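Data block below; observations after.
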Amino acid sequence: MLYLVGTPIGNMEDITLRAIRVLGEVSLIAAEDTRKTRRLLQRYDIETRLTSFHDHSGDVKVRQLIEHMRTQDLALVSEAGMPNISDPGHELIVAAIDNSIPVVPVPGPTAAISALAVSGLPTSQFTFVGFLPRRASERKKLLASVLTEGRTVVAYEAPHRLLSALEDIAQCAPEVEVAVCREMTKLHEEVFRGTAMEARSHFTNPRGEFTIVIGPSHRPDTDITDEELAVALTSLETQGISGREAVDRVSREWGVGRNRVYQVWMKAQKPRD
């Protein structure tokens, strides 16, 4: 069996009881950074053997771990957060599935979700793009695409590219609100809320790990169909949200007049022949 174990993204206390148990019970832990993982294991008195597994481990390492899992359980951990979420693990997970080895998630912290939760921006629909492209041309192309979808966008960025990324966001959507989250759960955790250019002025010397949450940049009202609004309303109502609140949220988050959203909702309430 392959366990995907979420580990702290900063604060060592952000680990579940289940994760501690699984890490102690498996026969081997495959870790992106064995030194960092060893410190975590020592913190919780876990003596399980470690082996290295990262983006450059290669097919031979994957085959070795598959052979191990034919008879014994394996836990996969990344340097921080959930394995395979902008972290190594995809090749091993696919190989395990292809070999009929059960893959079991042991959920833990994720910087993207933590940043989204504290951003203050709409969360009913969002797009996670991982790390933004390093090349400016590719980054601008991606931003131009995702920032017109009417959803909140979550991205990771390296400190030495943060200012350039914020400039590109400002070019694509100058008025859109962003939340730039630095060093989530760590001692110097910080969340800046404002426009992209305001954030650029704030982070004059970026240091640490950054997650950027970008609020919805709406298409013109005329480009949004009633069918899209109806799907959004239905999605909220299935979550137990009242019709009135669903109308308010869709109107606010999609940038569409409340009267129009209300008419779409009323139409959906009429019994069909």
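The structure displayed is predicted, hence computed values, not measured ones. Heavy atoms only: backbone and side chains are in, while hydrogens, waters and symmetry mates are out.
Of the possible polar contacts, none joining the Ser114 side chain to the Ala111 backbone as a donor-acceptor pair under 3.5 Å is found. Between the side chain of Thr238 and the backbone N or O of Thr234 there is at least one donor-acceptor pair closer than 3.5 Å. No side-chain donor-acceptor contact under 3.5 Å links Thr51 to the backbone of Ala30. With hydrogens and angles ignored, the 3.5 Å screen pairs a side-chain donor or acceptor of Glu198 with a backbone N or O of Thr195. Without hydrogens or angle criteria, Glu228 side chain to Thr225 main chain gives a donor-acceptor distance under 3.5 Å. Remark: side-chain polar atoms of Glu183 are paired, donor with acceptor, to backbone N or O of Glu209 under 3.5 angstrom. Checked by atom type and distance alone, the side chain of Thr48 never pairs as donor or acceptor with a backbone atom of Ile29 at under 3.5 Å. The backbone N or O of Ile101 lies less than 3.5 Å from no partner atom in the side chain of Asn99, so there is not a single donor-acceptor pair. Side-chain N or O atoms of Glu138 include none that pairs as donor or acceptor with a backbone N or O of Arg134 at under 3.5 Å. With hydrogens and angles ignored, the 3.5 Å screen pairs a side-chain donor or acceptor of Ser57 with a backbone N or O of His54.
Here the two rings, on Tyr156 and Phe128, have centers that are under 6.0 Å apart.
Note that the CG atom of Leu74 and the CE atom of Met69 stand 5.0 Å from one another [nearest 0.5 Å]. For the atom pair CZ of Arg249 and CZ of Arg244, the computed distance is 15.0 Å after rounding to the nearest 0.5 Å. Note: Leu76 CG to Met82 CE = 9.0 Å, rounded to the nearest 0.5 Å. Met184 CE to Ile9 CD1: the interatomic distance, rounded to the nearest 0.5 Å, is 6.0 Å. To the nearest 0.5 Å, atom CG of residue Leu92 and atom CG of residue Leu2 are 5.0 Å apart. Atoms CD and CG, from Gln64 and Leu28 in turn, are 10.5 Å apart once rounded to the nearest 0.5 Å.
Around atom CG of Asp98, more than 12 heavy atoms belonging to other residues, nucleotides or ligands sit under 6.0 Å away. Under a cut-off of 6.0 angstrom, the local environment of NZ in Lys141 is sparse, with at most 12 non-hydrogen atoms contributed by other residues, nucleotides or ligands. Enclosure of atom CZ in Arg207 is not indicated, since only 12 or fewer non-hydrogen atoms of other residues, nucleotides or ligands lie within 6.0 angstrom. Around atom CD of Gln239, more than 12 heavy atoms belonging to other residues, nucleotides or ligands sit under 6.0 Å away. Crowding of His90 atom NE2: a count of heavy atoms from other residues, nucleotides or ligands under 6.0 Å not exceeding 12.
Taking the side chain as every heavy atom from C-beta outward, Val129 and Val146 approach each other to under 4.5 Å. Considering only heavy atoms from C-beta on, Asp73 stays 4.5 Å or farther from Ser27 through its side chain. The shortest distance between side-chain heavy atoms of Pro8 and Thr185 does not fall below 4.5 Å. Under the 4.5 Å side-chain criterion, counting only non-hydrogen atoms from C-beta, Phe126 is in contact with Ile113. Inter-residue side-chain proximity for Arg258 and Asp248 is flagged as met; some heavy-atom pair is nearer than 4.5 Å. Leu40 is listed as a side-chain neighbour of Tyr44, based on a closest heavy-atom distance under 4.5 Å. Two residues are said to be in side-chain contact when any heavy atoms from C-beta on lie closer than 4.5 Å; Val22 and Arg18 meet this criterion. By the 4.5 Å heavy-atom criterion applied to side chains, Cys181 and Val118 are counted as neighbours.
Smallest separation of non-hydrogen atoms from Ile212 and Glu157: CD1-CB, 4.0 Å. The minimum heavy-atom distance between Val178 and Ala199, with the atom names listed, is CG2-CB, 4.3 Å. Residues Ala165 and Leu143 come closest through the heavy atom pair O-CD1, 4.5 Å. Among all heavy-atom pairs drawn from Ser86 and Gly130, the shortest one is OG-CA, 3.4 Å. The shortest heavy-atom contact between Ser78 and Thr37 is O-OG1, 4.5 Å. When all heavy atoms are compared, the tightest approach of Gly6 to Pro109 is C-CD, 4.4 Å.
The aromatic rings of Phe203 and Phe210 lie perpendicular to each other, with more than 60° between the two planes, well past the 30° mark.
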Under the side chain to side chain contact (heavy atoms under 4.5 Å, CB included) criterion, do Val180 and Thr211 qualify, and how do the steps go? CA-CA 6 Å; Val180 181; Thr211 304; over 6 Å; no

Does the salt bridge (charged side-chain N to carboxylate O under 4.0 Å, His left out) test come out yes or no for Arg193 and Glu177, once each step is laid out? CA-CA 7 Å; Arg193 301 175 180 88; Glu177 292 290 307; over 6 Å; no

Residues Leu233, Val247; criterion side chain to side chain contact (heavy atoms under 4.5 Å, CB included); working and verdict: CA-CA 7 Å; Leu233 288 166; Val247 169; 4.1 Å; yes

As a quick check of understanding, evaluate side chain to side chain contact (heavy atoms under 4.5 Å, CB included) for Asp87 and Glu32, giving each step before the final call. CA-CA 8 Å; Asp87 273 325; Glu32 178 184 9; 3.6 Å; yes

Could you walk me through whether Thr127 and Val154 pass the side chain to side chain contact (heavy atoms under 4.5 Å, CB included) test, one step at a time? CA-CA 6 Å; Thr127 299; Val154 184; over 6 Å; no

Determine whether Asp226 and Lys267 satisfy the following criterion, salt bridge (charged side-chain N to carboxylate O under 4.0 Å, His left out), listing intermediate values before the conclusion. CA-CA 10 Å; Asp226 287 354; Lys267 184 178 180 180; 5.6 Å; no

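A chain of hydrophobic side-chain contacts below 4.5 Å, direct or via other Ile, Leu, Val, Met, Phe, Trp or Tyr residues, connects Val176 to Leu166. Under the 4.5 Å side-chain contact rule for hydrophobic residues, Ile66 and Met1 do not share a cluster. Under the 4.5 Å side-chain heavy-atom criterion for ILVMFWY residues, no single connected hydrophobic cluster contains both Ile214 and Val191. In the hydrophobic clustering of this structure, Phe53 does not group with Val26; members are Ile, Leu, Val, Met, Phe, Trp, Tyr whose side-chain heavy atoms approach within less than 4.5 Å, directly or through other members. Val153 and Phe131 fall into different hydrophobic clusters, where Ile, Leu, Val, Met, Phe, Trp and Tyr residues are linked whenever their side-chain heavy atoms come under 4.5 Å apart, directly or through other members.
Residues Ser52 and Lys61 bring no donor and acceptor atom of their side chains to less than 3.5 Å of each other.
Note on Arg38 versus Asp33: no salt bridge recorded, every NZ/NE/NH1/NH2 to OD/OE distance being 4.0 Å or above. Electrostatic pairing of Arg200 and Glu167 counts as a salt bridge here, judged by a charged N lying under 4.0 Å from a carboxylate O. A salt bridge links Glu67 and Arg70; the closest N-O separation between the charged side-chain nitrogens and carboxylate oxygens is under 4.0 Å.
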